[in-house]
Amino acid sequence: MSAGAETYSEALAAAARLAAEWLKSLPDRHVGPALTAHDLVADFGGPLPAEGMPPVDVVEYLAAKAEPGLMAMPSGRFFGWVIGGTLPAALAADWLVSAWDQNSGLRYATPAIAAIEEAAGQWLLQLLRLPEESDVGFTTGATMANFTGMAAARWRLMADAGWDVDRNGLAGGPRIRCFVGQERHETIDLGLRYLGLGQPTAVPVDAQGRLIPGELNRLLAEGSGPALVCLQAGNLHSGAFDPFDDAIQVAHRHGAWVHVDGAFGLWAGAVPEFAHLTAGMALADSWGTDAHKTLNVPYDCGVAVVKDSPALRSAMGLHTSYLVHDAEGPGDPFEKVPELSRRGRGVPVWAALRSLGSDGVAAQVRGLARAASLIAERLIEVDGIEVLNPVDYTQVSLAFGDDATTRAVTARVIQDGKVWMSGSRWQGRDVLRVSVSNWSTNTDDVGTAVDAVSSAFAAVRAETG
Ligand SMILES: *Cc1c(COP(=O)(O)O)cnc(C)c1O
């Protein structure tokens with residue numbers, strides 16, 4: 001039997017209907033899941049039956065059984081970690097990507113995907129005000145985007161020190177000294193570990209988690225040899241941005257490569273009023289960000305941007321090291337990311353950007369920050385609630401007196417299920433962290449968030465007297 005369109009249509013129609021039902025449930029449902037993974041394994045596990053199941057039944061079964069174990073992450077009332085929902089054009093484009101099923105590593109083999117991703121990459125460079133000659137790669141997320149930027153750094157730093165890392169590996173070569181802010185995201189350490197660069201030196205930060213350039217200068221001056229400095233655009237707790245102008249000047253004076261982890265903060269570059277946050281950011285050598293956070297495309301999608309294209313293509317390509325002239329032109333997609341075979345994950349980025357337009361991207365980022373500051377402004381009015389950061393971007397860290405009370409309020413907010421926010425620890429205190437990352441969060445959702453937190457606090461206070 002040949003697999004014609006009809007073979008697919010029933011299952012796809014069911015998937016579209018079930019997806020629409022899920023999306024329709026988002027404005028009202030309890031945000032947290034009703035069941036744990038432990039409760040759910042029996043529905044999906046056991047011995048794999050010998051008999052198959054028709055595709056449409058597989059889809060129906062999955063949706064019905066998964067439903068109580070889903071977290072309403074794409075809801076406008078989800079403020080946990082830094083997550084982000086899905087723009088309609090991006091979700092629909094992602095479905096097309098699956099149907100097209102293009103192995104997107106080669107420009108020659110999948111020209112449409114290559115052209116779409118190259119265009120999306122150019123748009124991103126313009127929007128985020130990054131050097132236009134940079135290479136752009138679409139990774140699974142910011143962890144791998146940062147890894148990619150730092151892999152290019154490793155290649156360049158080693159080459160400049162006269163060491164062929166591709167041929168010789170790391171052993172016996174010069175040691176790259178790595179510097180990160182004390183409050184970098186832990187996945188930076190993971191990227192360095194993948195690269196065999198070991199544990200980085202943590203540079204002291206200020207009260208909002210921003211790296212202190214004078215401290216970076218002092219630590220760099222303590223040694224010599226190749227150095228990699230990783231800065232941050234967007235602190236998880238305060239939303240703060242490292243002082244790029246000063247820090248990058250210091251780093252470059254010591255000959256260091258500068259990478260910026262801007263998983264959600266790089267997007268501040270798209271908003272003219274946030275220029276003071278990102279000032280100097282474009283002077284770095286590489287940048288990593290997520291498209292599945294602030295831009296709101298479906299998982300998984302990150303973006304690696306590297307100015308030194310030969311370094312990137314040497315680090316990620318399948319050939320031996322590039323000569324500079326080889327790196328002219330757009331190159332093959334596989335030369336800019338860790339994977340060879342992969343889906344066309346830049347296509348939903350193109351769709352998101354095209355549906356918003358440049359004004360729309362700026363408005364979306366501005367709107368997230370505006371909602372965060374509204375939540376902070378209204379909660380600070382409540383006696384006993386502390387807002388621990390100036391809310392310049394999308395993150396708010398709250399405390400409710402002592403740590404035990406903050407933890408109790410966090411548990412209560414999650415249990416009530418009207419919103420979802422993360423409990424965390426920051427600068428020696430327990431905090432309730434609010435991250436506004438969803439395009440659909442509106443003023444009603446802001447009101448719901450404020451009510452949910454203040455009533456949870458009132459309930460905890462009533463219980464503890
Ligand atoms: C989320 C995040 C990461 C990791 O990104 P993934 O997409 O989860 O791989 C890295 N850095 C920061 C600042 C983040 O917020």
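For ligands, and for the atoms within them, numbers begin at 1 and follow the listed sequence. Note that the numbering runs from 1 along the sequence shown for the chain.
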Please determine whether the number of non-hydrogen atoms from other residues, nucleotides or ligands lying under 6.0 Å from atom CD of E222 exceeds 12.
yes

Determine whether the side chain, the backbone, both or neither of L236 has a heavy atom under 4.0 Å from any heavy atom of ligand 1.
side chain

Is it the side chain (CB and beyond), the backbone, both or neither of W81 that lies under 4.0 Å from ligand 1, heavy atoms counted?
neither

Using a 6.0 Å cut-off, check whether atom CZ of R354 has over 12 heavy atoms from anything other than its own residue.
no

Give a yes or no on whether a salt bridge exists between E117 and R342, defined as a side-chain N under 4.0 angstrom from a carboxylate O.
yes

Can an N or O of A263 be found at a distance shorter than 3.5 Å from an N or O of ligand 1?
no

Can an N or O of H292 be found at a distance shorter than 3.5 Å from an N or O of ligand 1?
yes

Find all atoms of ligand 1 within a distance of less than 4.0 Å from any non-hydrogen atom belonging to G141, and give their numbers and elements.
7 (O), 9 (O)

Which of the numbered atoms in ligand 1 are below 4.0 angstrom from a heavy atom of F264?
15 (O)

Could you tell me whether K293 and ligand 1 have an N or O pair separated by under 3.5 Å?
yes

Protein contact to atom 13 (C) of ligand 1 [nearest heavy atom, distance to 0.1 Å]
D261 OD2, 3.4 Å

Would you find more than 12 non-hydrogen atoms of other residues, nucleotides or ligands less than 6.0 Å from R425 atom CZ?
yes

Residue pair S309 / D135, side-chain donor-acceptor N/O under 3.5 Å:
yes

T187 heavy atoms within 4.0 Å reach ligand 1 at atoms 3 (C), 4 (C), 10 (C)

Counting heavy atoms only, which of T143, T139, T140 is nearest atom 8 (O) of ligand 1?
T143

Any Lys/Arg nitrogen of D189 or R184 sitting under 4.0 Å from an Asp/Glu carboxylate oxygen of the other?
yes

Testing the 3.5 Å rule here: is there a donor-acceptor pair between the side chains of T36 and D39?
yes

